[in-house]
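Counting convention: from 1, in listed order, for ligands and their atoms alike.
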Amino acid sequence: MTMPQTVKTNCRFCGYQCGLTATVENGRVTGVAPDPTQYPGDERIQHGCHRWRMAPQFLDHPDRVNYPLKRVGERGSGQWHRISWDQALDEIAEKLAGLKEQFGPETLATCIGGPHAVYWPLHRFMTLFGSPNNVGIGQICWNPGTLLHAISYGWPLDNELEPDLTGCLMLWGANHAESDNSLLWHRIQQYSRTGKPLIVVDPRRTRTAELATHWLPVRPGTDAVLALGLVQAIIQNRWYDAPFVEAWCHGFARLAGHLQHYTPGYVAEATGIPAEQLLEVARLYALQCPSALFTGRGIDQIGRNSVPLHHSLDILRAITGNIDRKGASCITGMPDFIPELELELSDRFLETQRRKQLGQLKLQSYHGYEQIRKLTSKQDKRLPMRYLTSTQPNLVWQAMLTDRPYPIRSMIVMATNPLLTQADTSLVYQALKSLDLLVVLELFQTPTAMLADYLLPSAGVLERALFETKAGTANLAYGGAKAVEPYYERRPDFDFWQGLGRRLGQQEDWPWQSFEDSLEATLAPTGVDWETFSRHGLYTLPEEYEKHERIDPATGKAAGFATTTGKIELYSELLAGLGAEPLPVPKPVAAVDEQYPLSLITGARYHPYYASSFHQLEGLRKLHPEPWAEVSRATAHKLGLAEGTPVRVTTEKGTACFTLKISEMCDDVVSVEYGWWYPEKKAAEPELGGLWLANANLLTSADYATADPLIGTATYNGIPCCLQAVDSGKK
Ligand SMILES: Nc1nc2c(c(=O)[nH]1)N[C@H]1C(S)=C(S)[C@@H](COP(=O)(O)OP(=O)(O)OC[C@H]3O[C@@H](n4cnc5c(=O)[nH]c(N)nc54)[C@H](O)[C@@H]3O)O[C@H]1N2
Ligand SMILES: Nc1nc2c(c(=O)[nH]1)N[C@H]1C(S)=C(S)[C@@H](COP(=O)(O)OP(=O)(O)OC[C@H]3O[C@@H](n4cnc5c(=O)[nH]c(N)nc54)[C@H](O)[C@@H]3O)O[C@H]1N2
Ligand code: SF4
Ligand SMILES: [Mo]
């Protein structure tokens, strides 16, 4: 027996990685508590969060995967044989070498998810193996905003909120009350108490919208029209920042010409937002600067309208002078530590293999990446490559099923549950079932893991070091040390990639002893060692603003922006050069009809879950036991349905069942939660943990042909659907 010790560590039940102290006895965690000496630096912030308290239970939950498992029965039969890590790695390496020999390295795909884990080791392996085929979530999370910011401003932007300084706050398609437990939500609440304008654009009156001075219940998917209406109102009324526009914006006259028909009346008709409200909001946003504008997944997930909308919002910020301005936004910089781009060895990725990338997307492709890189390089900056070039998922599933344009016969899935979180579950299911090799690195036996040939136990929260870096787009890193050695035979994901790489001829490129060793090397250029970093869990430097005004002593010229013209591009020369629309053009939203008379939004987030995670934790499940489908009171009345009724939502793609909830929101809209499965159900075919019951992605599609042609974004919001009681007997 050893004496209990208190060690510094972090939560990672969401992307914030709040600091914790853990009590450790005999290598086991017996308790955790918020640690105010680490990020976010104020233990009150964690008080509103239920998840971190679950950490000790999570560590030894009976459903955790503890040993490497190899499938023995039919795929999905739930029959496994325990094997050693060496056997697993040897067999996987041998199989991959054979497939590579037969079909080329592009026959291996990977699948990754949201910010749950450190992904660069996976990308490094794939660069060296030679495959461009990583499936991510990027097309509907992060990439549309990041790529458009880079095009408009020359680099991604961090939106800022300083409750005392910010004069107006706009939240567009984001619901921080449910999606964010940490510093930002705390600040939004603090800001709302000042009484200054808080504008929320969301078809639902969410808990965030309840704080708003102005709630704009936009019709799903029509946001780009609304954004252009705001821009037009600001131009018409001369509320824009004329000196800033004159000095720093390119294409203002062409923009003004382009906007003629976005009158308040036209916009009201298209979006459902009354003309007076539009004018009022435009005036507040333009004149109460600094104005902050945060966007969320609501706008990354509206198919062909995501790019025009992001572009319109970039313009809105720019013409009101809210770029790189304290209290509004900050153009971030390259990190002092080694950026993801270098850790992934992206520049070594062979040209022949880049050309094997599936699809012809204009931006989310190697060609698009290179065009942006030429410009960012002017200011010595480089965006991460692999995530911003990851493959449109639909093309990968199709290649698995049809062998066209070439066979993809194997996939390694890490820290994601694509059967719940990628669009079109039935397609994903068929594709995964068709593979010669499916490897899943997981904490739990998820529905995706149930189909694996090899299911490998990952070290999770408190068992592995953390180092989160905004993918190398900012000089910011947070994280810290593990509290204990992994329980049972779990290992950090890094060990898997290093072990596999070393077996497949990549020995020289995996020089480290351990994951921590690699993190130490990553931090080295900052002069801070891993131990020092872990004490506070944060590396950053104070932000600087208005950097475009800085005079370069060598040339005597102002730095400007890393774009073709050196200015913020309202009219994008880069998009024009790619043959895309240089000014935003909203696209029609899918029309409802008699068969599908309602508009569906998928993905409502609710505490305490996070995507498809945590449904097995009883303590959390009881807080929110049922998946909801929400409609307005008027819509429920029209359908003759009462709250609590089990309902079936149907789209062209499929059907899923939820419990009806009446909420304040746009009429004729249905909002369903996503990520629901039932870990208590059988972990084998055909149930697959209740995969086919309440899973929102039974209703969605990521069809490449209808997705956005620049980034590949599919439509998750604004899908025609119908809703009926489960016992209505109709099919
Ligand atoms: N319809 C619809 N679909 C959506 C969305 C939506 O709004 N609507 N949102 C999309 C968005 S924005 C995102 S980001 C995705 C999220 O989708 P995913 O990233 O797939 O999220 P989870 O379902 O939480 O799956 C994460 C899995 O990783 C495991 N895990 C956690 N930590 C580790 C680790 O360190 N290593 C390994 N190997 N595994 C780990 C967890 O046990 C869990 O099963 O969903 C997307 N899908
Ligand atoms: N509890 C919990 N927290 C999470 C997650 C989770 O699954 N659960 N997921 C994490 C991840 S991966 C991400 S990316 C973030 C996302 O965090 P947010 O970006 O805040 O995402 P949501 O909470 O889904 O809020 C999106 C809002 O957009 C609205 N919306 C839907 N369609 C439209 C539309 O057409 N126009 C407009 N203007 N709005 C629309 C929805 O009603 C919803 O309220 O949250 C993270 N935090
Ligand atoms: S906010 Fe996120 S990281 Fe912080 S304690 Fe809650 S779940 Fe953990
Ligand atoms: Mo996400």
Have a look at [options] and point out the one with the heavy atom closest to [atom].
atom: atom 26 (C) of ligand 2; options: G15, G173, P115, S599; result: G173
atom: atom 37 (C) of ligand 2; options: D223, D180, L216; result: D223
atom: atom 31 (C) of ligand 1; options: T421, L443, L420, T416; result: L443
atom: atom 32 (N) of ligand 1; options: R64, R605, R464, Q301; result: R464
atom: atom 2 (C) of ligand 2; options: Y609, Y674, W142, F614; result: Y609

Proximal ligand 1 atoms for I140, defined as those under 4.0 Å from one of its heavy atoms:
10 (C), 46 (C)
For T446, atoms of ligand 1 separated by under 4.0 Å from a heavy atom
44 (O)
Exercise: do Y429 and D424 side chains pair donor with acceptor under 3.5 Å:
no
Under a 3.5 Å threshold, yes or no: a donor from one side chain and an acceptor from the other, between E178 and T206?
no
Taking 4.0 Å as the limit for heavy-atom contacts, which would you say applies to [X] with ligand 1: side chain only, backbone only, both, or neither?
X: I137; value: side chain
X: T602; value: both
X: S458; value: side chain

Should the proximity of [X] to ligand 2, defined as any heavy atom under 4.0 Å, be assigned to the side chain, the backbone, both, or neither?
X: A174; result: both
X: T295; result: neither
X: R51; result: side chain

With distance as the sole test, does [X] use its side chain to make a donor-acceptor pair with the main-chain N or O of [Y] at under 3.5 Å?
X: R207; Y: A177; value: yes
X: S182; Y: Y16; value: no
X: E489; Y: N66; value: no
X: N10; Y: Q17; value: yes

Please determine if G114 has a nitrogen or oxygen closer than 3.5 Å to a nitrogen or oxygen of ligand 1.
yes
Taking both backbone and side-chain atoms of L441, is any N or O found less than 3.5 Å from an N or O belonging to ligand 1?
yes
Test item: Y387 and I112 side chains (from C-beta on) under 4.5 Å apart, heavy atoms:
yes
Proximal ligand 2 atoms for [X], defined as those under 4.0 Å from one of its heavy atoms:
X: R204; value: 41 (C), 42 (O), 43 (C), 44 (O)
X: G298; value: 26 (C), 28 (O), 30 (N), 33 (C), 34 (C), 40 (C)
X: W172; value: 38 (N)

Would E680 and R621 pass as an ion pair if we require N to O under 4.0 Å?
yes
Closer than 4.0 angstrom, basic N to acidic O: yes or no for E468 and R12?
yes
Can the ring centres of [X] and [Y] be said to be less than 6.0 Å apart?
X: H615; Y: Y678; answer: no
X: W676; Y: F658; answer: no
X: F494; Y: F125; answer: no

Please say which of W52, F13, Y606 ends up in a ring pair (Phe, Tyr, Trp, His ring centres under 6.0 Å) with F614.
F13
Just to confirm my output: which protein heavy-atom neighbour is closest to [atom], and how far is it?
atom: atom 44 (O) of ligand 2; result: D202 OD2, 2.6 Å
atom: atom 47 (N) of ligand 2; result: S179 O, 2.7 Å
atom: atom 42 (O) of ligand 1; result: E442 OE1, 2.8 Å

